[in-house]
**Student:** 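Sharing a structure here in structure tokens format.
Side-chain atoms are counted along with the backbone in the values below, which use heavy atoms only and exclude waters and symmetry mates.
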Amino acid sequence: MLRLVANGEPIMAVARKMGISDSLIHAWRKASCKGEKGDQTLQQEVDSLRRQLRQAEMERPSPGARS
């Protein structure tokens with residue numbers, strides 16, 4: 001349903017076809033956008049943690065090295 005709207009179908013037309021209110025579609029769309037932003041934030045955090053891990057691994061002495 002949200003795909004129809006994303007592809008250019010008017011919300012009112014989709015709501016009529018599905019027999020639901022247009023405000024419900026607006027709410028779903030808003031919730032979907034929040035989810036996408038959350039996914040992007042989570043991915044950025046994962047990328048940052050991976051970089052930090054690689055850096056820490058490079059700074060760690062090798063297992064056979066003596067101090």
**Student:** Looking at side-chain heavy atoms only, is the closest gap between W28 and I20 below 4.5 Å?
**Tutor:**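 Yes, side chains in contact.
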**Student:** I'd like to check the side chain to side chain donor-acceptor pair (under 3.5 Å) partners of T41; sequence neighbours left out, ordered by chain and number.
**Tutor:**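 Side chain to side chain donor-acceptor pair (under 3.5 Å) check on T41 returns nothing, list empty.
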**Student:** Using side chain to side chain contact (heavy atoms under 4.5 Å, CB included) as the criterion, list what pairs up with Q55, not counting sequence neighbours.
**Tutor:**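 Once residues adjacent in sequence are excluded, the partners of Q55 under the side chain to side chain contact (heavy atoms under 4.5 Å, CB included) criterion are M58, E59.
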**Student:** Run the side chain to side chain contact (heavy atoms under 4.5 Å, CB included) test against R54 and tell me which residues pass, sequence neighbours left out.
**Tutor:**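 Listed in chain order: R50, R51.
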**Student:** Going by side chain to side chain donor-acceptor pair (under 3.5 Å), name the residues that satisfy it together with S32, two or more places apart in sequence or in a different chain.
**Tutor:**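 S32 satisfies side chain to side chain donor-acceptor pair (under 3.5 Å) with no residue once adjacent residues are dropped.
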**Student:** For a 4.5 angstrom cut-off between non-hydrogen side-chain atoms, does L4 reach M18?
**Tutor:**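 Yes; the side chains approach each other to less than 4.5 Å.
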**Student:** With sequence neighbours left out, write down each residue that passes side chain to side chain contact (heavy atoms under 4.5 Å, CB included) with Q44, or none if nothing qualifies.
**Tutor:**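 By the side chain to side chain contact (heavy atoms under 4.5 Å, CB included) rule, Q44 matches no residue at all.
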**Student:** Does CD in E57 sit with more than 12 non-hydrogen atoms of other residues, nucleotides or ligands closer than 6.0 Å?
**Tutor:**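 Yes, because the 6.0 Å sphere around CD of E57 holds more than 12 heavy atoms from other groups.
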**Student:** For residues S21 and A15, report the shortest heavy-atom separation together with the two atoms involved.
**Tutor:**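 Shortest heavy-atom separation between S21 and A15 comes out as C-CB, 3.9 Å.
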**Student:** Between Q43 and D39, is a side-chain hydrogen bond (donor to acceptor under 3.5 Å, both in side chains) present by the stated rule, with each step listed?
**Tutor:** CA-CA 6 Å; Q43 187 59 51; D39 290 346; over 6 Å; no
**Student:** Considering all heavy atoms of both residues, which atom of I25 and which atom of L2 are nearest to each other, and what is their separation?
**Tutor:**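 Taking every non-hydrogen atom into account, O-CD2, 4.1 Å.
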**Student:** First locate atom CD of Q40, then atom CD of E36, and finally report the distance between them rounded to the nearest 0.5 Å.
**Tutor:**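 It is 7.5 Å, given to the nearest 0.5 Å.
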**Student:** Please, which pairs that meet salt bridge (Lys or Arg N to Asp or Glu O under 4.0 Å) have at least one residue in residues 7-27, sequence neighbours excluded?
**Tutor:**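 Matches after skipping sequence neighbours: E9-K17.
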**Student:** With the side chain counted from C-beta on, respond yes when R29 and I11 share a heavy-atom pair under 4.5 Å apart, and no when they do not.
**Tutor:**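 They are in side-chain contact.
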